[in-house]
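Below: one structure, written as C-alpha cells.
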4 protein chains.
Amino acid sequence: MNKQINAPSGRPRSIHVDQAILQATLDLLAEVGYQSMSIEAIASRAGVGKTTIYRRYTSKEELVADAIESLRDDLAIPDTGSFWGDMDIIINHAAQKIDSPLGRQTIALIISTASSNPQFAEVYWTKYTKIRREALSKVLKRAKSRNEIHKDADIDLVIDLLSGSLYYALIFKPITEPVEAYMRRTMNLLLKGIGHGE
Amino acid sequence: MNKQINAPSGRPRSIHVDQAILQATLDLLAEVGYQSMSIEAIASRAGVGKTTIYRRYTSKEELVADAIESLRDDLAIPDTGSFWGDMDIIINHAAQKIDSPLGRQTIALIISTASSNPQFAEVYWTKYTKIRREALSKVLKRAKSRNEIHKDADIDLVIDLLSGSLYYALIFKPITEPVEAYMRRTMNLLLKGIGHGE
Amino acid sequence: MNKQINAPSGRPRSIHVDQAILQATLDLLAEVGYQSMSIEAIASRAGVGKTTIYRRYTSKEELVADAIESLRDDLAIPDTGSFWGDMDIIINHAAQKIDSPLGRQTIALIISTASSNPQFAEVYWTKYTKIRREALSKVLKRAKSRNEIHKDADIDLVIDLLSGSLYYALIFKPITEPVEAYMRRTMNLLLKGIGHGE
Amino acid sequence: MNKQINAPSGRPRSIHVDQAILQATLDLLAEVGYQSMSIEAIASRAGVGKTTIYRRYTSKEELVADAIESLRDDLAIPDTGSFWGDMDIIINHAAQKIDSPLGRQTIALIISTASSNPQFAEVYWTKYTKIRREALSKVLKRAKSRNEIHKDADIDLVIDLLSGSLYYALIFKPITEPVEAYMRRTMNLLLKGIGHGE
DNA sequence: TGCTAATCGAGACGGTACGTCAAGTCTTAAG
DNA sequence: CTTAAGACTTGACGTACCGTCTCGATTAGCA
C-alpha cells in the first residue's frame, strides 16, 4: 500500500549524486563564497553533469538553501532551571556555529541573499532562523513564568534586538571581542534598560 | 607657496559625465536591483562609453558606493532639548529615507554587499553608517548629561541594538507596521529594560 | 580492429551549424572583405553564438581558410592530347574562378594573408594553390613527353612565372584585358623566349 | 610672385616630429608587422600625441606609405654595355633590399595592402614599384637595341613575369635558394623559352 | 616686444570588436 | 528515465584601439 504515488519507471535518482552535489556546494561555499561559486564548478567538483543539478534545483539559491538545510543541527532547547543557565547554552551554541569559515559564509550568505531577494528571505527564515528564535522564545517565556523578566516584556522584539545586533556586529564591526562576550553584554543591557524606571 | 600639487595634463574629466554615470547607476539600482544591473546597461543609460566608466571605477561595487555616497544628505544633528524630541526627528528622518524604492534598495545593497565583502563593509560603514551613528551618539550623550538615561549606559551598544534590529526587521519581516512605530517600540524597550531593576 | 580512436561523449557538433558558419563567412567575405569582417557579424549572420565559432576556430584566418577550402572544386586534370588544348581548359577554368566578386576577394585574401602571415601561407599553399599547380605540372609533363616543349625545361619555374605574373597583374594592374588573354600572352612568351636561341 | 599660396600663420609643424613619426613607424613595422601595429603605439614610441599623427595622415595606410617612401633609394639605372652586366646590378640591388627584416615586411605589406585595397595598390605602384620597373624597362630596351633580345619582345610582360614570380616565390615558397640565384634562373628561362622555336 | 594663431603632449570621450566566461537548455550514448 | 559529457544560444565581462575632442603650454612670424 505504501508504494510511491507514481511508480517511477526508468533509472531512479542516485542518492550518492544528491549527497555529492550538496557536499560540493558546501565545500565551494566555504572556499570561494556564494558569488564566485559557479554551477559549473559545483558540477565538476561533484563529478556530475550540469543537467543533473538543474534537474533538482532551478536556481543557485535553491541549491544552496538545501545545502545549508542539510547541515541543520537539531538544536535541543535547554532547560537548566535558570534564565542565565539557559542563555549560556544558547550563546555558546551560537558562538560555536558562527566561529568557522562555513558558519560565517553561511550567515553572510543568508543576510546577503535575503536582503536582496525577499522570496529567499522567506526560505531562510523558515529553514534557519525560525528554529533558533523558537528556542530563544521558549527560554524567555520560562524566565517570564519564573518572574526573572517582566511579564509584559515583548519577547519577539527582544529576540529581534538580540539577533539583529549580533548580525549587525558581525557584518560591520571588525572582530574586537568574542561572540559570547558580545551577546552577554547585549543581554545585560536589555535586562537593565538604560532609563531610570519610575 | 602655491599649492598646485600636480598640474593635470590632458583633457580633464567631464563632470557632466560623472553625474550622468551616477544618476544612471541610481536609476537602475532602484529599477532592477544591484545584481541584475550591468555595467553595459549603465553606460548605455548614461549615454557614455563603457571605457569611460571603467576609467573611473574598477568594479561595480566601487561605482555603486560612489553613487550612494553622492546622495548623502548632511544630516543635521537635532537638539530640541529633550531626548524624545531629538529621537523623533532622527526616527522620522530615517523612516523617510527608508520608505522609497531607492531607499530600500540601498539598504539591501549595503547589507548584502557588506556581508559578503568585508572591504566594502568598511567603505559603507564610513560613507553611510558612521554619520548616522554619530548623530545618534550625540543625542544619547546629551540625554545622559540631562540625566534622562543612565550615565553608565553603553551608548555604542545601544546604537548597535537600535540599528541592528531595524535592519534585521527590514530584511526578514514582512512589513507589518510603519518603520517609525517599530523604532519607537525598540527605543522604549531599551529604556525600560526587561529585568526587575537591582 | 574497429578504428574508432576516441569514442566521442557528449552532444556531437551540429553539421548544420558548421555549414551555416562557413556560408556566412563566405557571404561576408564577398560582401565586405576580409578586414572589415568581424567574428561577431559572422556569428549573427549565421544565427549562431560567438562561442560556437571560437569552439571550432581559434582565429579569423583559420575560419576563412576552412571556408575557402569548403568550396574547392575537384579540378579534373584535362587531357585533350595537345598542349594548347589542355592549356585552354586550364586557362578558362582559372578565368571563370577569378571573374566573380568572391573569386577576386579570395585571391586578394590569400595573397594578403599569406604575405603577412607565413604560417597561413603554408595552409593556403596546401589547400588551394598546390592542386592547381599539380594540374599544370601534369599537363606540362605530358607536353614534354609529346616533345611540345623542351625536355629540360624547369616545369616548377614555369609554373611560378605563370602564376606569379597572373597574381601580380591582378593586384597591381587595372583591368585592361580579359584574364584569358593575359594568360595566353604569358604562355606564348614563355614558349618562344625572348633570346635568340643558341 | 612665388609666395606660398596661403601664408601660414601660427606655429609651424616641427620636422623633428615628422621624422620621429616616420622612424617609429618603420621600427614598429619591422618589429611587429603592419597588422598588429597600432597608431597609439606609434604615437607613444615617437613621443608624440595621437592628434599630431592624425593631423598629418588620415589613415594607417597613408602613414605607412609615407614611411616607406621616405626610405626610397634613388636607384641609378645601370649601363654597363651588356645585358647581363646591367641585370647583375639590378638583381644584386633587389636582393640586397629584400634581405632584411624591414625589406621583407615592406614587400609583404605592399602586396598585402595592395591586394585588399585597390586604391593603395595605386599609391604603392607609383611610389615603389614603378621606379624599379622603369629601370628594368630601360635596360631591356637597350638590350633590344644591342640585339641581345628579340626586337618584338613584350617588355612590359617580361617585367610582369620577372616581378610576379619573385613576389610569388617570396610569399609562398620557403627560402630554398638565394634571391639572386632565383632571379637569374628566371631570366635565363625567359631568354631561352621552353618551346622549340619554329 | 608683445600678439596671434596653429602647433605640441596628454589624455578623456563615445564607440566597436575582441576573446572569455558562465548561465541555462539541448542532444547524444551508456546505464 | 537518469546520468555524464559536452554542444548550443545568450549576454555580460573587462580590454584594446579607433578617430575625435578638449585642455594648458609652446613656438613662430607679424605688428
Side-chain angles (χ1 to χ4, degrees), chain A residues 7-14 16-17 36-44 46-60, chain B residues 7-14 16-18 20 36-44 46-60, chain C residues 7-14 16-18 36-44 46-60, chain D residues 7-14 16-17 20 36-44 46-60:
Chain A
S9 81
R11 177 176 177 177
R13 291 206 182 154
S14 153
H16 296 95
V17 163
S36 7
M37 180 178 70
S38 72
I39 297 281
E40 244 150 23
I42 295 173
S44 128
V48 139
K50 263 200 293 182
T51 329
T52 307
I53 294 183
Y54 281 111
R55 210 189 312 283
R56 282 148 223 258
Y57 307 98
T58 58
S59 69
K60 195 156 76 165
Chain B
S9 86
R11 177 175 173 178
R13 300 225 175 131
S14 154
H16 295 94
V17 163
D18 286 341
S36 13
M37 180 177 70
S38 73
I39 298 279
E40 243 150 26
I42 296 174
S44 125
V48 140
K50 258 199 298 182
T51 327
T52 305
I53 294 184
Y54 281 111
R55 196 175 291 118
R56 281 149 223 258
Y57 306 98
T58 58
S59 69
K60 196 156 74 166
Chain C
S9 87
R11 175 175 176 178
R13 299 223 173 133
S14 153
H16 295 95
V17 163
D18 286 341
S36 13
M37 179 178 71
S38 73
I39 299 280
E40 243 149 26
I42 295 174
S44 127
V48 139
K50 256 199 297 182
T51 328
T52 304
I53 295 184
Y54 282 112
R55 195 174 293 117
R56 282 149 221 260
Y57 307 99
T58 57
S59 69
K60 195 154 78 164
Chain D
S9 81
R11 176 175 177 179
R13 295 210 180 147
S14 152
H16 295 94
V17 164
S36 4
M37 180 177 72
S38 72
I39 299 280
E40 244 150 25
I42 296 174
S44 131
V48 140
K50 265 200 294 182
T51 327
T52 308
I53 294 183
Y54 281 111
R55 209 189 316 281
R56 281 149 225 257
Y57 307 97
T58 58
S59 69
K60 193 156 78 162

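Residue numbering restarts at 1 for every chain, and letters A, B, ... go by the order of the sequence lines. Remember, it's a predicted structure, so these values are computed and weren't measured experimentally.
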request  = Let me see the working for C:Arg55 and C:Thr51 under side-chain contact (heavy atoms from CB on, under 4.5 Å), right down to the final yes or no.
outcome  = CA-CA 6 Å; C:Arg55 195 174 293 117; C:Thr51 328; 4.0 Å; yes

query = Could you go step by step and tell me if D:Tyr57 and D:Ile39 meet the side-chain contact (heavy atoms from CB on, under 4.5 Å) rule?
reply = CA-CA 11 Å; D:Tyr57 307 97; D:Ile39 299 280; over 6 Å; no

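Atom CD1 of C:Ile53 is separated from atom P of F:dC8 by 11 Å (rounded to the nearest Å). Between the OH atom of A:Tyr57 and the C1' atom of E:dA23 there is a distance of 19 Å, rounded to whole Å. As rounded to whole Å, 13 Å separates atom C1' of E:dC18 from atom CD1 of C:Ile42.
At E:dG11, none of the side-chain N or O atoms of B:Arg13 fall inside 4.0 Å of OP1 or OP2 (strictly under the cut-off). Distances shown here put a side-chain N or O of D:Arg55 below 4.0 Å from the OP1 or OP2 atom of E:dC8. Dashed line: the shortest gap from a side-chain N or O of B:Ser14 to OP1 or OP2 of E:dA12 is not under 4.0 Å.
Among the nucleotides F:dT3, E:dG14, E:dG9, the one closest to the side chain of A:Thr52 is F:dT3. The side chain of C:Ile39 lies closest to E:dC18, out of E:dC18, F:dT3, E:dC13. When the nucleotides F:dT9, E:dA23, E:dG9 are ranked by their closest atom to the side chain of D:Val48, E:dG9 comes out on top.
Taking each heavy atom of A:Met37 and A:Lys60 in turn, the nearest pair found is O-NZ, 2.9 Å. Of all non-hydrogen atoms in D:Ala20 and D:Ala46, the two that sit nearest each other are O-CB, 3.6 Å.
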Please tabulate, one pair per line, each protein N/O and nucleotide N/O from nucleotides 20-24 of chain F that are separated by under 3.5 Å, including the distance.
from   : atom 1 : to      : atom 2 : distance (Å)
F:dC21 : O2     : B:Arg11 : NH1    : 3.0
F:dC21 : N4     : D:Thr51 : OG1    : 3.0

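No donor-acceptor distance shorter than 3.5 angstrom exists from the side chain of C:Lys50 to the backbone of C:Ile42, with no hydrogens or angles considered.
Residues C:Glu40 and D:Ser59 both approach DNA chain F. Their nearest nucleotides, taken by heavy-atom distance, put C:Glu40 toward the 5′ side.
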